[in-house]
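Report on the structure given below.
Letters A, B, ... mirror the listed sequences (proteins, then strands); counts begin at 1.
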Protein chains: 2
Amino acid sequence: METETVPLDRRQRRRLETIEEVLDVAADLMREQGVAGLSIGEVARRMGIRPPSLYVYFDSKNALYDGLFARGWRLLNEYMGESRTQVLDRATLDDALLEVGTLFVGWAVANPAYSQLLFWRPVRGFEPSADAYEPAVESLSGARETFGEMQRRGWIRADASIDEVTRDWTILLAGVISQQLSNAPHESFAKGSFTMALPRLVGMFAAHYAAPSPLTPRRRARHASQR
Amino acid sequence: METETVPLDRRQRRRLETIEEVLDVAADLMREQGVAGLSIGEVARRMGIRPPSLYVYFDSKNALYDGLFARGWRLLNEYMGESRTQVLDRATLDDALLEVGTLFVGWAVANPAYSQLLFWRPVRGFEPSADAYEPAVESLSGARETFGEMQRRGWIRADASIDEVTRDWTILLAGVISQQLSNAPHESFAKGSFTMALPRLVGMFAAHYAAPSPLTPRRRARHASQR
DNA sequence: GTCTATATGACGATAGAC
DNA sequence: GTCTATCGTCATATAGAC
């Protein structure tokens, strides 16, 4: 109540730094050993402290997973950057979707440990908290908004349900990521047996949801000016 | 070398029975507690024996996972039964694919623990052995053969690559299963937010790969109006 | 407030007696 | 083939030093 005018005192800042360091080490470990390979003891060992000291910053191992879950979605959202709005300038629906799809799947395949944590449910007893879920929800609603805008611009059929379009899109991306990571986790995005199917599947998706008569740039401009 | 004329002596038969019992209990446990919740100690406890005794039948916990992996794929293949050949009598490609897709995804959603083990890679250090992989390979090559036969019968475009068709199909099913189990694991198949997208996605898939001409005009009209 | 030291109980796994 | 005994590791909890 009384010291809230000071944004961050030294102690709080130091505490946040330590929390970030714990997450750094935990993310490294998860990348090396897989999601289930994360161990409180090993994190402490690498930080040069004793395991119980970690409980000052994270109440449990699942709280650590929760922090990693939130961080993973934040990293992914940062990586996607402004692409969701920028692709609205692309020539075709197919081009636009392939660009964001490639970014998304590319990050997932390059970060398999995070992907397991974000897209699957590998840890017994771990359910992401509402706070940790927030960036995930943000990502989904961002996709929905983009599809809505695409429909407003006449790229997507007017009779298509944006919720259904969004759902189908996430299913498609999840399928590619899931199959690639489960069956050939060491293949790169460029040479992945399943990631290579992405352009084809995006084409299928775009053709299915594209407005019936593909709009020429002129018609698209006319369409947009009507709103 | 000397006793191989006898197909199964009592000891061997008893051993196989015990192995089956271990797998029964392990599958129950996995269903109750999730894939990672499987514990050698708990399996032994439920069988009324001591944990070390299990090592007579399974060299390690991962060997137990291996047995469950093979058994899961066998159960799924049995569940699919003769559907892959029977659906060749259906009226449309869409009907046929929706039928096998519904069976496959339905089993997966009804058996989430097995699904995690079969379709994801949740256990650190566990890589299915070649033996355990055999029924999985059988399932995939069965799908490929069905698509090949569909192409021979003129249902699927002659210029489509059967390998690509098969791959896209597995991605689609994996996407639905993955999203449903990760985001709403307690929803039934009938009411699942993601399983409900299956008919739509199968329609998209069928429309994309269907041969342009073999359908009568009436069927084609019905096909198109389904969207 | 933050850490160390220590303890508990479960786990996977092994050795060796019977 | 099953047991007891045991090992090392794990997540977690608590007591108390600084």
Round to the nearest Å and state the distance from [X] atom [atom1] to [N] atom [atom2].
{"X": "B:Arg124", "N": "C:dC11", "atom1": "CZ", "atom2": "P", "result": "18 Å"}
{"X": "A:Asn62", "N": "D:dA11", "atom1": "CG", "atom2": "P", "result": "11 Å"}
{"X": "A:Arg13", "N": "C:dG1", "atom1": "CZ", "atom2": "P", "result": "16 Å"}
{"X": "B:Phe126", "N": "C:dG12", "atom1": "CZ", "atom2": "P", "result": "15 Å"}
{"X": "A:Tyr55", "N": "C:dT8", "atom1": "OH", "atom2": "P", "result": "17 Å"}
{"X": "B:Glu42", "N": "C:dC11", "atom1": "CD", "atom2": "C1'", "result": "12 Å"}
{"X": "A:Arg11", "N": "C:dC3", "atom1": "CZ", "atom2": "C1'", "result": "15 Å"}
{"X": "A:Arg50", "N": "C:dT6", "atom1": "CZ", "atom2": "P", "result": "10 Å"}

Next item on the list: Could you walk me through whether A:Tyr114 and A:Leu68 pass the side chain to side chain contact (heavy atoms under 4.5 Å, CB included) test, one step at a time?
Entry: CA-CA 8 Å; A:Tyr114 270 126; A:Leu68 289 169; 4.2 Å; yes
Margin query: Any side-chain to backbone donor/acceptor pair from B:Gln180 onto B:Ala184? Under 3.5 Å, distance only.
Written below: yes
Check: Cation-pi between A:Arg167 and B:Phe194: NZ/CZ under 6.0 Å from ring centre and within 45° of the ring axis?
Finding: yes
How would you label the contact of [X] with the nucleic acid (heavy atoms, under 4.0 Å): base, sugar-phosphate, or nothing?
{"X": "A:Phe58", "result": "nothing"}
{"X": "B:Leu38", "result": "sugar-phosphate"}
{"X": "A:Leu64", "result": "nothing"}

Between [N] and [X], is there an OP1 or OP2 to side-chain N/O distance shorter than 4.0 Å?
{"X": "A:Ser39", "N": "D:dA11", "result": "yes"}
{"X": "A:Ser53", "N": "C:dT2", "result": "no"}
{"X": "A:Tyr65", "N": "D:dA11", "result": "no"}

Between [options], which one does the side chain of [X] approach most closely?
{"X": "B:Lys61", "options": "C:dA13, D:dT12, C:dT4", "value": "C:dA13"}
{"X": "B:Ile40", "options": "D:dT2, C:dG12, C:dT4", "value": "C:dG12"}
{"X": "B:Arg45", "options": "C:dC11, D:dG1, D:dC3", "value": "C:dC11"}
{"X": "B:Tyr57", "options": "C:dT4, C:dT2, D:dT2", "value": "D:dT2"}
{"X": "A:Pro52", "options": "D:dT12, D:dC3, D:dA13", "value": "D:dA13"}

Notebook entry, point to check: B:Phe104 versus B:Leu76: any side-chain heavy-atom pair under 4.5 Å?
Noted result: yes
Margin query: Would you say CD of A:Glu134 has more than 12 non-hydrogen atoms from neighbouring residues, nucleotides or ligands within 6.0 angstrom?
Written below: no
